[in-house]
Amino acid sequence: MDWLVSIAKFLVNEVLSQPAYLVGLITATGLIALRKTAGQIIGGALKATLGFLLIGAGANLVVTALAPLGEMIQGATGAHGVIPTNEAIVGIAQQQFGARVAWLMIVGFAVSLLLARFTPLRYVFLTGHHMLFMATLLTMVLATAGQSSAVVVLAGGVLLGVLLVSMPAFAHPWTKRITGDNTIAIGHFGTAGYVAAGATGQLVGRRSRSTEDMKLPEGLRFLRDSMVATALSMVLIYVILAVLFLAKAGRETAFKAFGSAGGATATGVGNYLMQSVMQGLQFGIAVAIILFGVRTILGELVPAFQGIAKKVVPGAVPSLDAPIVFPYAQNAVLIGFLCSFLGGLVSLGLLSALFHPWFGLALVLPGLVPHFFTGGAAGVYGNATGGRRGAALGAFVNGLLITFLPALLLKVLGAFGKENTTFGDADFGWFGSLIGNAAKAGGAGAVVLMLAIGAVVLAGAVLVQKRVVETGWDPGARRDAVLPRAEPPAAASPAATTTSYAKIAPPAGAPVPPPPPESD
């Protein structure tokens with residue numbers, strides 16, 4: 001059996017958990033189904049792989065640029081507690097549960113493909129690292145509750161498969177509002193935050209203009225470039241926090257902040273401030289790399305999925321990582337990040353003052369990485385239905401969720417709840433808490449209860465797909481109806497003039513769906 005475990009670990013750790021390889025293989029499969037030439041297949045698969053590697057490179061730069069900022073925030077505020085970091089908690093759990101995680105992930109992915117083939121949920125989840133994260137979470141909560149290895153792998157695999165096809169469906173009405181079509185879905189376990197952001201936008205932003213319509217004075221037109229605006233904003237944030245940290249902690253401690261990400265310790269006040277400026281600029285570059293990677297991968301993956309839809313899973317929709325929506329509202333990404341982080345700070349204050357002493361909930365510090373990626377995406381979802389107010393308040397709600405939900409999750413992680421880190425995104429929190437508490441029932445009753453939870457989630461997703469997604473419900477339709485009417489072009493003839501309303505639309509450079517395939 002050791003060789004089977006070795007093969008399973010290889011598939012999970014070296015292929016399925018690597019989004020770039022997984023997406024490359026899926027792209028190649030789709031191009032083969034379309035009967036493309038060998039050169040087109042190899043080229044398309046490589047470009048899709050490289051696109052994901054670009055996203056990964058940008059994400060690594062984001063993490064590196066934010067690490068010193070996190071040190072400064074903690075030092076300036078004096079806050080201490082649990083920092084949600086998916087990669088950290090997964091690395092700790094893998095040492096004890098590696099084999100079970102591997103088998104659970106394989107079973108879960110197979111179940112998801114079967115569900116995509118035989119249910120209305122035609123979503124194929126391609127965010128490999130999030131599959132690994134959820135597989136690890138399910139293994140941890142089931143094993144911690146005393147469930148056998150067979151139950152962990154089989155029941156956990158079914159639950160994972162259900163989530164892989166269900167969560168994209170729950171968010172798809174809002175995703176379609178962002179993209180304008182059905183070519184891609186969101187495949188990221190921050191979905192509860194995105195749905196909450198989109199719903200918040202509907203409530204608060206009926207007359208609020210899009211973040212992408214911000215009018216700037218002529219002298220500030222350069223800020224319309226998202227890379228420039230993002231970099232400048234982060235430079236200002238970095239420099240302000242650097243000064244506050246220096247004033248509170250002193251030179252010796254403050255100068256070491258840049259060594260936390262493997263950089264050089266500052267040698268003086270001038271060097272310290274200029275390193276802050278450089279980190280802000282690096283952040284702007286990182287976001288630009290992510291956006292370019294998104295455009296690269298969509299150019300290859302969406303056409304390939306037409307082949308998969310025809311041959312393997314009819315109507316298949318690729319479910320992709322959160323940055324896939326960033327190009328559609330680039331100003332909203334920055335607004336979402338900042339407002340989500342603000343929500344995290346407010347939640348930390350509430351935990352510290354009320355929920356920690358009353359209910360024993362851990363203090364969850366706002367991690368900059370989860371707030372950037374999930375907060376940025378939440379800003380895009382909130383903007384799609386509620387413009388600027390929707391982006392700000394929707395992301396703020398996301399910040400609340402990714403602070404309180406991890407605090408609840410720690411209650412079912414057993415000894416792992418004392419590791420000073422946990423899972424950071426919304427779906428890990430609510431689903432892990434439900435399954436963890438159900439697993440504590442023990443015996444066959446726990447298995448039945450857990451599978452019942454999975455069945456409810458699946459049934460809810462099918463209902464949303466049939467009654468909401470497939471009927472074409474637009475969550476922003478009411479907002480469109482009350483926005484000012486768009487002015488027709490000056491040269492338009494009266495006969496050509498039609499009533500239209502300003503809508504949320506992708507900015508220049510956003511991914512554009514390919515033309516529909518020619519009929520056979």
Side-chain angles (χ1 to χ4, degrees), residues 4-30 33 45 48-49 52 86 90 93-94 97-142 149-169 184-189 191 301 304-305 308-309 311-321 423 425 427-428 431-432 435 450-451 454-455 457-458 461:
L4 282 175
V5 173
S6 298
I7 291 174
K9 284 186 174 181
F10 171 78
L11 289 174
V12 169
N13 296 328
E14 306 301 333
V15 180
L16 295 180
S17 65
Q18 302 295 324
Y21 295 153
L22 181 61
V23 167
L25 290 173
I26 294 293
T27 301
T29 302
T49 300
F52 248 99
N86 296 331
V90 166
Q94 284 280 352
F97 301 126
R100 276 174 280 186
V101 170
W103 283 111
L104 191 156
M105 184 171 173
I106 290 174
V107 171
F109 190 59
V111 169
S112 75
L113 292 179
L114 289 173
L115 291 173
R117 178 65 179 84
F118 296 109
T119 73
L121 306 175
R122 307 290 198 213
Y123 304 99
V124 179
F125 199 98
L126 294 179
T127 311
H129 61 294
H130 262 241
M131 277 192 277
L132 175 62
F133 295 164
M134 185 59 78
T136 304
L137 170 63
L138 291 171
T139 300
M140 290 168 64
V141 296
L142 294 177
S149 295
V151 170
V152 170
V153 171
L154 297 177
V158 171
L159 293 172
L160 176 60
V162 166
L163 281 187
L164 294 181
V165 295
S166 297
M167 300 316 296
I184 59 172
I186 195 77
H188 189 271
F189 288 126
T191 302
L301 186 63
F305 250 77
I308 293 176
K311 304 292 183 182
V312 182
V313 181
V317 180
S319 302
L320 303 168
D321 203 352
F423 294 89
D425 302 332
D427 297 338
F428 297 118
F431 194 70
I435 297 301
M450 289 186 294
L451 293 178
V457 172
L458 183 65

Asks: Does Thr127 use its side chain to pair, donor to acceptor, with the backbone of Gly187 at less than 3.5 Å?
Replies: yes
Asks: Excluding sequence neighbours, so at least two apart, what forms ring-ring contact (aromatic ring centres under 6.0 Å, His included) with Phe125?
Replies: Phe189
Asks: So how far is it from Phe133 CZ to Asp427 CG, rounded to the nearest 0.5 Å?
Replies: 13.5 Å
Asks: Tell me, please, which residues at least two apart from Ala116 pass side-chain contact (heavy atoms from CB on, under 4.5 Å).
Replies: Val165, Val313
Asks: Scan Leu159, Leu160, Thr139 and name whichever one has a side-chain contact (heavy atoms from CB on, under 4.5 Å) with Met134.
Replies: Leu160
Asks: Closest heavy-atom contact between Arg100 and Val153?
Replies: O-CG2, 4.1 Å
Asks: Hey, are the side chains of Leu115 and Leu121 touching, using non-hydrogen atoms and a 4.5 Å cut-off?
Replies: no
Asks: Would you check if Asp425 and His130 make a side-chain contact, meaning some heavy-atom pair closer than 4.5 Å?
Replies: yes
Asks: Quick one: closest heavy-atom pair of Gly24 and Ala45, and the distance?
Replies: O-CB, 3.5 Å
Asks: Hey, what do you get for CZ (Phe423) to CE (Met140), rounding to the nearest 0.5 Å?
Replies: 5.0 Å
Asks: Do Val124 and Leu113 make a side-chain contact, defined as non-hydrogen atoms from C-beta onward lying under 4.5 Å apart?
Replies: yes
Asks: Compare every heavy atom of Val162 with every heavy atom of Val457, then report the nearest pair and how far apart it is.
Replies: CG1-CG1, 4.1 Å
Asks: Just wondering, do Phe118 and Leu114 contact through their side chains at under 4.5 Å, heavy atoms?
Replies: yes
Asks: With the side chain counted from C-beta on, respond yes when Leu320 and His188 share a heavy-atom pair under 4.5 Å apart, and no when they do not.
Replies: no
Asks: Shortest non-hydrogen contact from Ala135 to Met105?
Replies: CB-CB, 3.9 Å
Asks: Give a yes or no on whether the backbone of Phe109 and the side-chain of Ser112 come within a donor-acceptor separation of less than 3.5 Å.
Replies: yes
Asks: Looking at CG of Leu138 and CZ of Phe428, how far apart are the two atoms once the value is rounded to the nearest 0.5 Å?
Replies: 9.5 Å
Asks: Nearest 0.5 Å, what's the CG-CE distance between Leu126 and Met131?
Replies: 7.0 Å
Asks: Any side-chain heavy atom of Tyr123 sitting closer than 4.5 Å to one from Leu164?
Replies: no
Asks: CG/Leu104 to OG1/Thr136 distance, rounded to the nearest 0.5 angstrom?
Replies: 8.5 Å
Asks: When rounded to the nearest 0.5 angstrom, what is the spacing between CD1 in Ile435 and CG in Leu451?
Replies: 8.5 Å
